[in-house]
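The structure appears below as structure tokens.
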Amino acid sequence: MKQVLVLTGTPGVGKSSISRLLASLLNGIHVSLGDLVRQRGLSSGLDPERQALIADEELLSKHVKEIIKKTDGCIVVDGHLATSVLGAKDIAFAFVLRRDPDDLLNVLVGRGFAERKARENVAAEILDVCLFDAVETYGEGKVCEVDVSDKSLQDVANEIISVVSGQSRCRKGIVDWLTRLESQGRLDDFLASL
Ligand SMILES: Nc1ncnc2c1ncn2[C@@H]1O[C@H](COP(=O)(O)OP(=O)(O)OP(=O)(O)O)[C@@H](O)[C@H]1O
Ligand SMILES: [Mg+2]
């Protein structure tokens, strides 16, 4: 059965690691939107500020829909660009991966992100940017959150499979980084630099 699952979330939450594992556990394929843009030249230029390719969303959308059309089975679409290239009717579920802001900052700094860029991304995580984006595109019913903090890739993949197979409920509102950091008096550490 054809089934499209979207994995979205802030850079560094673990979308690609988990998508790869999930696709293999479900005998499906992993479609990385970032890799497609880079490898197939589906870009419309270079963003000078971010030093990153600007995806040609129309071309990317066509390309991904072609892959979905010709694939039978499970397709795991990896990347926050998903909301710009696939609509609600194209997908079964969108999973928004969430990660503890302190952990996320460590991942991004460890990856060589400049401090400012790392903090900008962590701020987006705290402010639920990807969650809002996913709900806006796919609607409440198809969007589920998964907190990946302190969990193994296997545990996260199992959690997702359990929702897809109907054994667990699709949940939202499972994390509230904003309230937690505010109550610790640490919110400004993350948001003041914006
Ligand atoms: N559950 C996890 N536990 C521990 N480390 C993890 C976990 N998930 C991912 N990682 C590590 O976190 C880092 C980021 O993971 P990954 O590259 O999969 O994120 P991403 O969301 O795809 O990022 P991007 O948006 O930049 O593509 C990697 O170093 C990965 O090994
Ligand atoms: Mg990735």
Side-chain angles (χ1 to χ4, degrees), residues 4-26 28-43 46-47 49-57 60 63-64 67 74-86 91 93-134 137-138 143-164 168 171 174-175 177 190:
V4 179
L5 307 178
V6 162
L7 263 66
T8 180
T10 312
V13 288
K15 297 180 291 296
S16 301
S17 319
I18 291 162
S19 296
R20 271 190 292 268
L21 176 61
L22 191 61
S24 98
L25 291 173
L26 293 170
I29 62 165
H30 168 219
V31 175
S32 159
L33 298 177
D35 287 353
L36 277 182
V37 170
R38 281 183 294 272
Q39 291 162 7
R40 306 268 169 167
L42 306 177
S43 58
L46 193 68
D47 179 341
E49 217 171 273
R50 293 191 304 129
Q51 283 297 308
L53 290 173
I54 302 165
D56 184 328
E57 292 172 358
L60 182 62
H63 195 87
V64 176
I67 297 176
C74 181
I75 301 139
V76 182
V77 178
D78 158 16
H80 57 256
L81 273 173
T83 53
S84 306
V85 302
L86 292 176
I91 73 156
F93 285 105
F95 292 91
V96 185
L97 306 187
R98 307 305 306 267
R99 193 159 181 157
D100 176 272
D102 292 293
D103 294 352
L104 188 60
L105 187 64
N106 284 334
V107 168
L108 296 176
V109 170
R111 252 194 201 184
F113 274 46
E115 181 78 17
R116 184 183 161 78
K117 195 176 168 199
R119 285 192 185 272
E120 263 172 29
N121 280 292
V122 175
E125 173 63 22
I126 295 168
L127 297 173
D128 301 332
V129 171
C130 287
L131 175 64
F132 277 102
D133 189 32
T137 305
Y138 301 125
V143 178
C144 329
E145 284 184 286
V146 180
D147 185 1
V148 306
S149 318
D150 298 321
K151 286 182 193 153
S152 68
L153 297 179
Q154 186 72 49
D155 284 349
V156 175
N158 287 342
E159 231 177 271
I160 291 174
I161 290 170
S162 166
V163 173
V164 172
S168 306
R171 298 172 61 203
I174 55 166
V175 301
W177 308 138
F190 290 98

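Note that the numbering runs from 1 along the sequence shown for the chain. Just so you know, these numbers use all the heavy atoms, side chains as well, and skip hydrogens, waters and symmetry mates. Order of appearance sets the numbers: ligands from 1, and atoms from 1 within every ligand.
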With a 3.5 Å distance limit and no angle check, can you tell me whether [X] reaches the backbone of [Y] through a side-chain donor-acceptor pair?
X: Arg119; Y: Ala114; value: no
X: Arg99; Y: Gly12; value: yes
X: Ser162; Y: Asn158; value: no
X: Lys15; Y: Leu97; value: no
X: Asn121; Y: Lys117; value: yes

Near ligand 1 (heavy atom, under 4.0 angstrom), the protein residues are Pro11, Gly12, Val13, Gly14, Lys15, Ser16, Ser17, Arg99, Val107, Arg111, Lys151, Leu153

Could you tell me whether Arg98 and Glu125 have a side-chain N and a carboxylate O separated by less than 4.0 Å? yes

With 2.8 Å as the limit, jot down which protein N, O or S atoms are around the Mg ion (ligand 2). Ser16 OG

Assess the residue pair Val13 and Leu104 against the criterion (side-chain contact (heavy atoms from CB on, under 4.5 Å)); give the C-alpha distance rounded to whole Å, side-chain angles, the decisive distance to 0.1 Å, and a yes or no. CA-CA 7 Å; Val13 288; Leu104 188 60; 4.1 Å; yes

Would you check if Leu26 and Val164 make a side-chain contact, meaning some heavy-atom pair closer than 4.5 Å? no

Trace of the side chain to side chain donor-acceptor pair (under 3.5 Å) decision for Asp103 with Ser149: CA-CA 8 Å; Asp103 294 352; Ser149 318; 4.8 Å; no

